[in-house]
Amino acid sequence: MKNYDHKKIEKKWQGVWEKSKIYEAKTGTKGKTFYGLIEFPYPSGAGLHVGHIRSNTAMDIITRKRRMEGYNVLYPIGWDAFGLPTENYAIKMGIEPAKVTKTNTDIFRKQLKSVGFGFDWSREINTTDPKYFKWTQWIFLQMYKKGLAYKHRTTINWCPKDMIGLANEEVVGGMCDRCGGPVIKKEKEQWMLAITKYADRLDKDLDQVNYLEKIKIQQRNWIGKSEGSEIEFTVKDSPEKIKIFTTRADTIFGATYVVLAPEHPLVNNFKLLITNWGDVEKYIKEVKDKPDIERTAEDKIKTGVELKGIKAINPANKEEISIWIADYVLATYGTGAVMAVPAHDERDFEFAKNFNLPIRRVVEPKTVYKEGDSAVREGLPFIRRDCVCAVVRNPKDNKYLCISWKDHEMHGLVTGGIEEGEDVVLAAKREVLEETGYKNLKLIKATDIAINTFFYHRVKKVNRHARFQYVMFDLIDEEQDIVDNAESSIHNVVWKTKEELKTYFSVAEGQFVVNFIDNSNFIHTDEGILHNSGGFTGLDSGEARVKITKSIGGKIVTKYKLRDWVFSRQRYWGEPIPIIHCDKCGYVPVPEKDLPVMLPKVKSYTPTDNGESPLAIISKWVNTKCPKCKGKAKRETDTMPNWAGSSWYFLRYADPKNNKEFASKKALKYWMKDGVDWYNGGMEHTTLHLLYSRFWHKFLYDLKLVPTSEPYMKRTSHGMILAEGGVKMSKSIGNTIDPKDIVISYGADTLRIYEMFIGPFDQSVAWSTESIIGSRRFLDKIWRLSSRIEKNSSPKELQNMLHKTIKKIGEDIEGMSFNTAISSMMIIVNEMEKATSVNEKDFKMFLQILAPFAPHITEEIWSSLGEKKSIHKSLWPKWDKRKIVDETITIGVQINGKVRAEITISKDMEEDDIKSLVLKDKKVLDWWDGWDGKD
RNA sequence: GCCCGAGUGGCGGAAUUGGUAUACGCGCACGACUUAAAAUCGUGUCUCGUAAGGGAUGUGGGUUCGACCCCCACCUCGGGCACCA
């Protein structure tokens with residue numbers, strides 16, 4: 001028999017498939033459709049990466065299975081070819097970026113074909129093709145017309161040494177990626193896309209799609225929806241009002257100052273009233289010049305300046321409070337101004353401590369007992385009681401006075417109700433004396449800290465709301481009175497160290513103490529019950545927020561962290577933004593008939609030293625006529641980011657050659673009735689590409705140009721392939737693996753099997769060249785097996801196993817558990833090798849389930865067995881229900897949770913019969929005799 | 001700091017509505033075939049113990065007849081966000 005010659009076989013079938021066009025998708029044929037999508041690659045000079053193979057193979061397996069299940073399958077491919085690396089290479093080598101792109105895509109295409117992916121190459125697209133980017137520009141213009149594209153003064157990254165604007169990805173840790181020098185900010189007018197107008201829908205519509213949960217979570221966090229209140233603070237002796245945004249309106253009675261972002265426009269309006277304008281101006285300038293790394297440094301001490309001469313009025317309690325500017329308040333979020341509540345916000349607390357600003361606690365923690373004897377009883381009203389909780393320290397050994405109940409496991413501190421006419425200190429002293437006998441206490445502090453507990457009082461049979469105020473004492477001496485018998489019979493007095501307290505208490509007022517004992521920085525940032533809050537005292541935070549906002553004329557609003565998309569790049573290798581600027585008419589869109597706006601040929605691709613794109617110096621290209629008034633006008637010289645072309649490419653695949661539309665409605669409706677059926681890609685694209693493309697798609701949906709409001713029905717993600725040793729593969733370390741080498745030495749099928757077997761698909765895994773041989777051996781075994789199959793039927797056990805395997809492979813592919821799928825195929829191959837005979841029909845079924853994983857070898861064997869049609873056009877085998885039920889089952893017998901024996905039973909045995917069988921088993925009896933009945 | 005995810009042999013990993021832990025593969029050891037090597041095939045391979053048996057799924061607790069799986073606390077690693085009020 002011939003050896004398994006992967007080179008010959010793979011070349012042969014790749015040729016046959018290309019000629020017979022078996023992977024080409026015809027639009028409009030009847031039946032079910034399936035659109036499987038992978039992220040189209042950026043054709044870098046480095047060539048195909050093993051990571052590309054991993055995700056492409058996964059979707060290749062899925063689409064091949066769908067094809068065999070009778071779907072009309074679209075599995076397209078293209079090139080996301082605009083971008084920096086190509087441009088930088090072009091600058092360095094002085095070659096046209098378009099030529100670099102052509103060379104790279106040719107290499108990529110050849111490599112992809114050599115791995116045997118079932119792409120429909122007739123639909124290949126390229127974002128740098130004018131026939132493609134004409135429509136990228138067209139979509140931009142539609143956005144412009146709807147007011148979603150606008151120009152806005154904002155900052156760009158600027159390397160003062162290289163005199164060049166940098167993309168965000170060229171700024172690494174605040175430093176220029178090219179020269180290593182610090183990056184500063186430079187202001188420039190930039191094109192922006194108003195993605196924030198879609199923030200709400202981008203968040204809400206995640207409910208409609210089948211994305212991995214972690215992808216949804218990450219997107220939601222990025223969008224950062226948060227509900228809060230907008231509240232106006234009037235300014236004394238001024239008509240101006242400061243509008244703040246807060247999610248914690250319930251804490252407003254604790255707002256002791258107001259902070260504006262240094263860039264806040266109101267600051268200038270107060271100029272004449274401010275008595276320390278010099279300081280203020282100086283601070284604003286400092287902040288502006290500060291590089292981002294410094295401004296966001298983790299351990300940075302909060303800075304700021306008070307606006308002296310003006311005061312804000314707290315609308316809740318009419319108190320006059322100071323106004324500050326500080327860079328810990330962001331101009332770009334909320335209203336750019338906050339009310340500061342140092343008692344309930346970490347940042348405000350830190351700032352207040354630095355500048356000695358007042359701190360007032362207005363929300364107290366709350367604990368509701370939900371389990372055990374003290375669990376609150378439904379339906380009973382709560383009786384409120386003011387209580388004290390005495391924290392008594394013995395300075396001699398630094399231990400704290402605790403109480404332990406005798407009749408049940410309960411550990412706490414000395415507590416008790418405040419009687420008529422008593423103050424907290426008196427009440428606390430009295431309780432200590434009554435419960436423990438200690439009489440000589442030195443008051444350390446009657447704290448402003450309190451806790452509210454809600455529980456069922458077992459003795460008094462009522463639901464109780466107890467508000468414990470903490471009073472701290474030191475013992476002067478250990479002199480004790482005799483404790484009344486009624487008290488001492490209930491509990492013991494115990495002394496515990498601070499460390500022991502952490503685990504000792506069983507009651508909330510005790511557990512809470514460890515938070516603030518010896519911690520002068522204690523603040524309560526969670527919700528709770530209002531205190532010192534006028535008519536709102538006693539309310540829960542949630543209820544109070546709404547009521548307070550309403551009563552002071554505030555508004556409940558929703559804010560997002562998501563910012564509008566900076567769409568301008570001062571670069572050459574991108575789509576020109578199709579806008580003309582005319583002094584008379586302003587910004588005028590390029591008429592649709594003049595699209596695409598082509599890139600001019602230039603001598604140098606280097607960005608200019610004034611922050612403009614290299615296009616700006618091509619006066620022949622820049623100077624043009626205004627489409628409106630026909631007067632002199634200039635072209636926009638900014639180009640689009642490379643996120644633009646990838647924001648709609650999946651639509652173009654449906655109808656890639658269309659000259660009249662980006663894609664016909666008919667084609668879109670045929671392939672994307674429910675959107676892309678399955679989109680697999682990397683987690684690194686979760687927040688940018690995925691969000692951007694969802695935004696563009698929704699926009700086109702609003703124009704009624706696409707059939708669905710969401711582009712992707714299902715989104716999954718693959719893990720990265722790391723180098724051996726678990727570090728990132730990188731050219732500079734020299735630990736990259738070229739898939740080409742593996743294809744040559746082991747074959748594409750082996751590479752595919754190996755990458756699918758390497759580990760769980762969604763997790764990062766380390767490459768191991770040593771382990772590839774296992775996948776090759778697996779295919780070798782199959783090759784050898786193919787020469788000894790016969791017409792005799794396979795043994796029954798083997799048939800059962802085959803049908804179980806068919807079932808499992810189907811399920812595993814759907815769940816992307818490719819590693820376990822291959823494992824179970826290996827198991828059955830091992831069994832077939834051992835079997836006395838392997839039936840041809842059975843073997844063919846096995847080949848069919850393997851075909852999506854290893855398309856070449858299976859096609860070769862399939863055809864050598866006399867099949868005329870491609871295995872990839874055959875029907876996915878059906879497993880037989882009757883054949884997956886075992887005749888006999890071996891089960892373990894556990895005694896006290898340990899497996900002690902194994903018995904074999906037949907599948908239709910009754911439970912009683914099994915029991916008696918078990919009780920007859922010798923091993924079981926041995927263990928049974930030894931059992932003393934106690935376990 | 002916050003949000004996700006993961007910790008199982010020498011290595012990649014399998015097993016989760018709680019029911020035989022370590023499937024499959026790599027590596028390693030021994031054996032067969034061979035003049036020899038490669039390839040291939042077979043046997044073994046968590047750990048302590050001669051054995052009977054005991055122990056082990058990051059650590060410590062808990063729930064359960066029974067826990068890799070559920071609960072609580074903690075540690076380590078990976079990813080994302082990071083002054084978002």
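The structure displayed is predicted, hence computed values, not measured ones.
For B:A73, the paired nucleotide is B:U59, the pair qualifying as Watson-Crick or G-U wobble because both relevant distances are below 3.5 Å. Checking B:G10 for Watson-Crick or G-U wobble geometry (two distances, each under 3.5 Å) identifies B:C26 as its partner. The nucleotide B:A51 finds no pairing partner, because no Watson-Crick or G-U wobble arrangement with both distances shorter than 3.5 Å includes it. Both distances falling under 3.5 Å, in either a Watson-Crick or a G-U wobble arrangement, place B:G31 opposite B:C41. As the counterpart of B:U64, no nucleotide is assigned, since no Watson-Crick or G-U wobble pattern has both distances under 3.5 Å. Figure legend. B:G78 is base-paired to B:C4; pairs are counted as Watson-Crick or G-U wobble with both atom distances under 3.5 Å.
Using a 4.0 Å heavy-atom cutoff across all strands shown, A:Lys781 reaches sugar-phosphate atoms only and no base atom. Nucleic acid contact for A:Ile773: sugar-phosphate only, since backbone atoms but no base atoms lie under 4.0 Å from a heavy atom of the residue. As judged by a 4.0 angstrom heavy-atom cut-off over every strand, A:Arg563 is placed among the base-contacting residues. Backbone-only contact: A:Lys214 has heavy atoms under 4.0 Å from sugar-phosphate atoms and none from a base. Among the protein residues, A:Ser771 comes within range of the sugar-phosphate backbone only, with heavy atoms under 4.0 Å from sugar or phosphate atoms but none that close to a base. Here A:Lys302 lies in heavy-atom contact (under 4.0 Å) with a base. Residue contacts shown for A:Val765 are limited to sugar-phosphate atoms, with no base heavy atom under 4.0 Å away. Residue contacts for A:Asn819: at a heavy-atom cut-off of 4.0 Å it reaches the sugar-phosphate backbone alone, with no base atom in range. When heavy atoms are screened at a 4.0 angstrom cut-off, A:Ser226 is found touching the sugar-phosphate backbone but no base atom. Contacts of A:Thr247 with the nucleic acid, taken as non-hydrogen atoms under 4.0 Å apart, involve only primed sugar atoms and P, OP1 or OP2.
Classification of B:G9 as syn follows from a glycosidic angle within 90° of 0.
In this structure A:Glu814 satisfies the salt bridge (Lys or Arg N to Asp or Glu O under 4.0 Å) test together with A:Lys65, A:Arg66, sequence neighbours excluded. Under the ring-ring contact (aromatic ring centres under 6.0 Å, His included) criterion, A:Trp222 pairs with no residue at all, not counting sequence neighbours.
A:Lys241 NZ: 12 or fewer foreign heavy atoms inside a 6.0 Å radius. More than 12 heavy atoms of other residues, nucleotides or ligands shown are found within 6.0 angstrom of CD on A:Glu684.
Comparing the C1' positions of B:C33 and B:A14 gives a spacing of 34 Å, expressed to the nearest Å. Comparing B:A38 with B:C48, their C1' atoms are spaced 39 Å from each other, to the whole Å. Using P as the reference atom, B:A67 and B:G55 are 12 Å apart when rounded to the nearest Å. Rounded to whole Å, the separation between the C1' atoms of B:C11 and B:C46 comes to 14 Å. Spacing of C1' atoms, B:G19 relative to B:C74, comes out at 29 Å, to the nearest Å. If you take atom P in B:U22 and the same atom in B:G1, they sit 39 Å apart, rounded to whole Å. Comparing B:C69 with B:G9, their P atoms sit 15 Å apart, to the nearest whole Å. B:A15 and B:G27 have their P atoms separated by 23 Å, with the value rounded to a whole Å.
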Report task. Could you walk me through whether A:Phe351 and A:Tyr257 pass ring pair (Phe, Tyr, Trp, His ring centres under 6.0 Å), step by step? Result -> CA-CA 11 Å; A:Phe351 189 80; A:Tyr257 58 98; 5.7 Å; yes

- Query: A:Phe512 and A:Phe522: ring pair (Phe, Tyr, Trp, His ring centres under 6.0 Å), yes or no, with the steps?
  - Reply: CA-CA 11 Å; A:Phe512 191 73; A:Phe522 168 77; 5.5 Å; yes

Could you go through A:Lys781 and A:Glu831, starting from their C-alpha distance and side-chain angles, then the distance that decides it, and tell me whether this counts as salt bridge (charged side-chain N to carboxylate O under 4.0 Å, His left out)?
CA-CA 11 Å; A:Lys781 284 183 195 177; A:Glu831 287 308 312; over 6 Å; no

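For the residue pair A:Tyr283/A:Thr303, the side-chain donor-acceptor check at 3.5 Å is satisfied. No side-chain N or O of A:His6 forms a donor-acceptor pair with one of A:Asp749 less than 3.5 Å apart.
The separation between A:Ile244 atom CD1 and B:A85 atom P is 12 Å, rounded to whole Å. Atom CZ in A:Phe818 sits roughly 14 Å away from atom P in B:A14 (whole-Å rounding). Look at CG on A:Asp526: it is 11 Å from P on B:C2, rounded to the nearest Å. Atom pair A:Leu722:CG and B:A6:P shows a separation of 17 Å (rounding to whole Å applied). Atoms CD (A:Glu684) and P (B:G78) sit 18 Å apart, rounded to a whole Å. Atom pair A:Phe778:CZ and B:A39:P shows a separation of 20 Å (rounding to whole Å applied). Taking atom OH of residue A:Tyr4 and atom P of nucleotide B:A39, one finds them 18 Å apart after rounding to whole Å. A:Gln218 has its CD atom 8 Å from the C1' atom of B:C81, to the nearest Å.
Evaluated for a side chain to side chain contact (heavy atoms under 4.5 Å, CB included) with A:Phe349, the options A:Asn521, A:Val341, A:Asn354 yield exactly one hit, A:Asn521.
The two atoms that bring A:Tyr369 and A:Ser374 nearest to each other are CB-O, 3.5 Å, heavy atoms only.
Remark: A:Arg784 is in phosphate contact with B:C41, judged by side-chain N or O atoms under 4.0 Å from OP1 or OP2. Of the side-chain N and O atoms in A:Arg777, one or more sit less than 4.0 angstrom from OP1 or OP2 of B:G27. Not one side-chain nitrogen or oxygen of A:Tyr328 sits closer than 4.0 Å to the OP1 or OP2 atom of B:A85. Checking the phosphate oxygens (OP1, OP2) of B:G25, a side-chain nitrogen or oxygen of A:Asn830 falls inside 4.0 Å.
The listed nucleotides are B:C3, B:G12, B:G80; the one nearest the side chain of A:Asn221 is B:C3. Nearest to the side-chain atoms of A:Gln763 among the listed nucleotides B:G25, B:C83, B:A6 stands B:A6. Considering only the side chain of A:Glu770, B:G27 comes nearest among B:U40, B:C81, B:G27.
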Readout for nucleotides 69-77 of chain B: B = base within 4.0 Å of protein heavy atom, S = sugar-phosphate only, - = neither; 5' to 3' it is ---------

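Both A:Thr820 and A:Glu833 lie close to RNA chain B; mapped to their nearest nucleotides by heavy-atom distance, the more 5′-ward contact belongs to A:Thr820. For the pair A:Ile772 and A:Asp348, nearest-nucleotide mapping onto RNA chain B gives the more 5' position to A:Ile772.
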